[in-house]
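Notes for the one structure printed next.
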Amino acid sequence: MGIRVWPYGHWYDSGEPSPYRDTSICFSPNIFGSALGRNLSRAGADHLIRLLLLNALSSCKSSADALAYQDDVYIFLGMGLSMKALENSLPQYELDPCDLQFPESERLSPYDFSSGDSCLEIEEDVEHLSAKERKLLQLVEMGFLIDEASSAIEASGPDTDITELMDYISAARMNTSDEQQELPCQNLHDDEQPGPSHQHGGLSTSKKRKKLFKEEEIWENKQEFWRRKQKQSYKKQAKSPDYEDIVHLPKLMIGFGVPDHPLHMSHRTLPKSAVGPPYFYFENVAWTPKGVWTTISRFLYNIEPEFIDSLYFSAAARKRGYIHNLPIENRFPLLPIPPMTIQEFLPHTRSWWPSWDYRSKLNCLQTCHASVQTTNKIRNALESWIDEVPPERTQKYVLYECKKWNLIWTGKNRVSVLEPDEIELLLGYPINHTRGASRTDRYKSLGNSFQVDTVAFHFSVLKKMFPNGISVLSLFSGIGGAEVALHRLGIPLKNVVSVEISEVNNIILRGWWEQTNQKGNLIELGDIQKVTGERLSELIHSLGGFDLIVGGSPCNNLTGSNRLSRNGLAGEQSVLFHEYYRILYTVKGIMDIMS
DNA sequence: CTCATAATGATATTCTGA
DNA sequence: TCAGAATATCATTATGAG
C-alpha cells in the first residue's frame, strides 16, 4: 500500500482515508511538488517519511510545538498531536541519520527522541573577535595607534592586563622620542604624535590645524582596524563554490521598472501554480546574508524577487525585495508625488547645509537614531573651524556619522536626528499616523514599516480590478502600510484581516481605521503562529475569500544593522517567514476547493 | 512596570583606480 | 580585469530614571 502525501489545506476536507489522518504533511511544492497528491511507492514513501521526520525532529523546538520548520520541509501536526505521537505512529522506521544519503553539508546533528528539547541549537555565535583582537580593539578605542598596540600585544601576550599594555606602549614611546609623549586620552590637543594615521590628507604639517580631536583620532584608528581585519578574512575565504545559486542584487534597484525611468521589464510569465486568485505580496530587506533570497524565492514559486530602492519614490532610500504575483503592466504612481530630495523636503535645513555635504537623499530610515553624544561630538569637531572650511579628515568623519545616522543640519555646525513626524511623511504615511505611541515605539514601528508610495505603485494595478472593494489578509501588518497604500489609491477596503502581535501597532492601525472612516470590517488576529487552518477556513467562508495576501516578514535576523543575532532565516524572529507561506498555501488550498 | 538613552560590529556589496 | 577601499544597513541590550 502506498502512502499518500497531502498538501496542507486539503487533508481535512477531502474525506479520503489516509494513514496519517490526524497528521497533515505538507512539503514545499517546489521541492516535493511532484509528490503532492500522488500515490508513492512504498520505498518512495519510506524515503520521504524518513527525510521528513529527520528534518522535523531536528528542527522542532520542543515536542509540544505544533510546527516544525526546516528550509525545505514543512510539517504541520494536526490537533492534539505531538512530535512524540508522530514518532510513535511510525515505529517501523528506524531513524538513524547516518544511514541516509544526505550530502555532508545537510547531515543532521544527532538528536535524542526522549528529550523534547531542541537539537537544533544555533551554532556558537558567529565567532567573535579573538582575545588578541579584542585587546587590540580596546587599545585602539582608547586612542592608541594600531601598530603600537599590536606590537605591545605581540611582546607581552594577549592575556596581559590592559594597564600593563598601556605602560608598555608609553615606555616604547619614551624610547623612540626625546619628547615626552603622553597617553592619548589625556592629551590629544597638542601637536601631532608620530604614527601612520597622521599621514591622512597631508595635514600633519599644516599650521592651520588648531585641535586634534580625540573623536576623529579614534574614528580613524577604528576604521583602520576593521579594514585590516577585513583584509585578513578576505584572504582566508576563497570564492564560494555555490556562487551561482545565490540571488544577486541588481546594480540599479528599479525592480521591473519605476516612474521616470526606462522600463526594465514590461511583462513576465508566472508559474501556473503561482497565478492568483488570491494575489500575494511579500516583502523583506534586500541585503540579507547569503542565500536567504534564494530560499525565500524557492518557497514562493521560484518567482524572481523585484528589488526596489524607495529612493525612486521618496527622499529616503529603502532597499527592499518584493515577491508577488501581481500584474506589472500599467502601474502608476501615487499622487501627489512627494518631495524627492532632502532639500525639497526640509527647506529649513538649506541655510545650514555645508557645501561639502553632498547628500541629496537620506539613507534607510531605521529603528534607532543617533545619541546626543554623537551630535555633540560633531559640533565640537566643527566649532574650532570658525569661518573656514574644515579639513578633509573632519569632513570625512562628520559625513560618515551623518550618513550612518541620517543626520540633518538644523543650525550652524549643528546636526540633529529626524523627528518621527518627518519619518512618517518620508514613508508616505499621514502625519501623526503613529502619534500617541511613545517616541521610542514610534521610531521602532516606523523603521519597520513599508514605504507607502513604493507599495502603492505595485498595488496600483489592483484599482481597476476591484472597484467595489478588496478583501485583504494582512500578515505582519505593523502600522498598516499596505492598508494605507490601498486607501490612498482609492481602493475601498471591504475586509481587512490584520495579523499583528504588537499591541502598539494594533492601536495605531485601529486609530487610522477609525480616523479615515472606513466602512469595511477590520478583524484583528494576534499571534500569527496561532492562526490555524480552521480559523482561516472560517474567515474565508464568512468573508468570501481573500483577494490579496500581503506581508513583510520580520527582518531582524537578516538586516546588516543587527550586530548580535544576524542568523539568517533561522533566527528567532525571521523564522516567522515560514508562517507567511504556510498561510499562503493554506488560503490558496481552501479557495481552490471552494471554486 | 515604561520609557529614554547610549554603547555595542560585522557583512555583503559596489566602487575605484591601477 | 581585479584587489583593495568605500559604503550601507526595517537592531539588541544594559542601564537608570521616574
Side-chain angles (χ1 to χ4, degrees), chain A residues 125-129 133-134 137-138 140-141 200 218 222-235 237 239-240 243 246-253 283-293 307 309-311 316-322 359 361-377 396 399-406 417 420 423 426-427 437-451 454-455 476 478-479 481 502-505 551-568 571-574:
Chain A
D125 276 350
V126 210
E127 39 177 33
H128 282 300
L129 301 177
E133 284 176 324
R134 212 190 307 269
L137 183 58
Q138 206 175 342
V140 164
E141 281 174 348
H200 292 281
I218 293 174
K222 267 173 107 170
Q223 298 274 310
E224 178 70 20
F225 175 86
W226 290 113
R227 213 175 300 145
R228 290 191 190 188
K229 191 168 156 47
Q230 192 176 19
K231 206 187 282 181
Q232 282 173 6
S233 69
Y234 184 78
K235 277 180 190 166
Q237 67 171 57
K239 273 215 166 174
S240 167
Y243 187 70
I246 290 168
V247 174
H248 289 100
L249 300 184
K251 199 167 147 189
L252 272 180
M253 272 207 199
E283 178 260 11
N284 215 315
V285 289
W287 289 348
T288 62
K290 274 181 190 166
V292 167
W293 271 108
F307 291 105
D309 193 336
S310 295
L311 196 67
R318 207 170 185 76
K319 295 173 184 60
R320 296 291 178 272
Y322 305 86
R359 290 178 299 159
K361 298 273 189 182
L362 291 162
N363 277 339
C364 186
L365 304 168
Q366 309 208 92
T367 57
C368 291
H369 56 265
S371 59
V372 195
Q373 310 274 352
T374 309
T375 51
N376 281 343
K377 282 178 198 166
K396 256 184 152 171
L399 258 180
Y400 174 84
E401 296 290 344
C402 285
K403 286 176 176 175
K404 183 173 174 186
W405 294 110
N406 263 333
V417 296
I423 299 181
L426 281 167
L427 290 174
S438 79
R439 206 177 151 80
T440 319
D441 284 340
R442 291 180 76 181
Y443 279 115
K444 191 173 167 196
S445 294
L446 285 163
N448 281 315
S449 61
F450 285 169
Q451 208 286 332
T454 313
V455 174
F476 313 106
I479 58 175
S502 153
E503 192 51 31
V504 175
N505 288 340
S553 73
C555 70
N556 309 28
N557 310 111
L558 308 179
T559 170
S561 336
N562 190 339
R563 291 147 147 81
L564 284 150
S565 53
R566 196 186 187 195
N567 319 328
E572 198 183 343
Q573 286 87 30
S574 296

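Below, chain A is the first sequence line, B the second, and so on; all start at residue 1. Hydrogens, waters and symmetry mates are skipped; everything else that's a heavy atom, side chains included, is used.
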Does OP1 or OP2 of dA4(B) have a side-chain N or O of Ser438(A) closer than 4.0 Å? yes
Side-chain N,O (Asn562(A)) to OP1/OP2 (dT9(C)) below 4.0 Å: no
Assign Cys364(A) to base, sugar-phosphate, or nothing according to its heavy-atom contacts below 4.0 angstrom with the strands shown. sugar-phosphate
What's Lys319(A) touching, base or sugar-phosphate or nothing? Going by heavy atoms closer than 4.0 Å. sugar-phosphate
Does Gln451(A) contact dC10(C) through a side-chain donor or acceptor facing the base, at a distance under 3.5 Å? no
Distance-only donor-acceptor test, Arg320(A) side-chain atoms vs dC10(C) base atoms, 3.5 Å: yes
Whole angstroms only, please: what is the CZ-P distance between Phe307(A) and dT13(B)? 10 Å
Before you tell me yes or no, could you show the steps for Cys364(A) and Arg320(A) under side chain to side chain contact (heavy atoms under 4.5 Å, CB included), namely the whole-Å CA-CA distance, both residues' side-chain angles and the distance that decides it to 0.1 Å? CA-CA 10 Å; Cys364(A) 186; Arg320(A) 296 291 178 272; 3.6 Å; yes
Looking at Glu401(A) and Lys404(A), is any side-chain nitrogen of the basic one under 4.0 Å from a carboxylate oxygen of the acidic one? no
Quick one: does Asn557(A)'s side chain have a donor or acceptor within less than 3.5 Å of a partner on Ser574(A)'s backbone? yes
Give the minimum heavy-atom separation between Leu365(A) and Leu426(A), together with the two atoms involved. CD1-CB, 3.9 Å
Let's see if you can work this out: which of dT8(B), dT9(C), dT7(C) has an atom nearest to the side-chain heavy atoms of Ala317(A)? dT9(C)
Is there a Watson-Crick or G-U wobble partner for dA6(C) with both distances under 3.5 Å, and if so, which one is it? dT13(B)
Starting at the 5' end of DNA chain C, which residue's closest nucleotide do you reach first, Gly560(A) or Asn557(A)? Gly560(A)
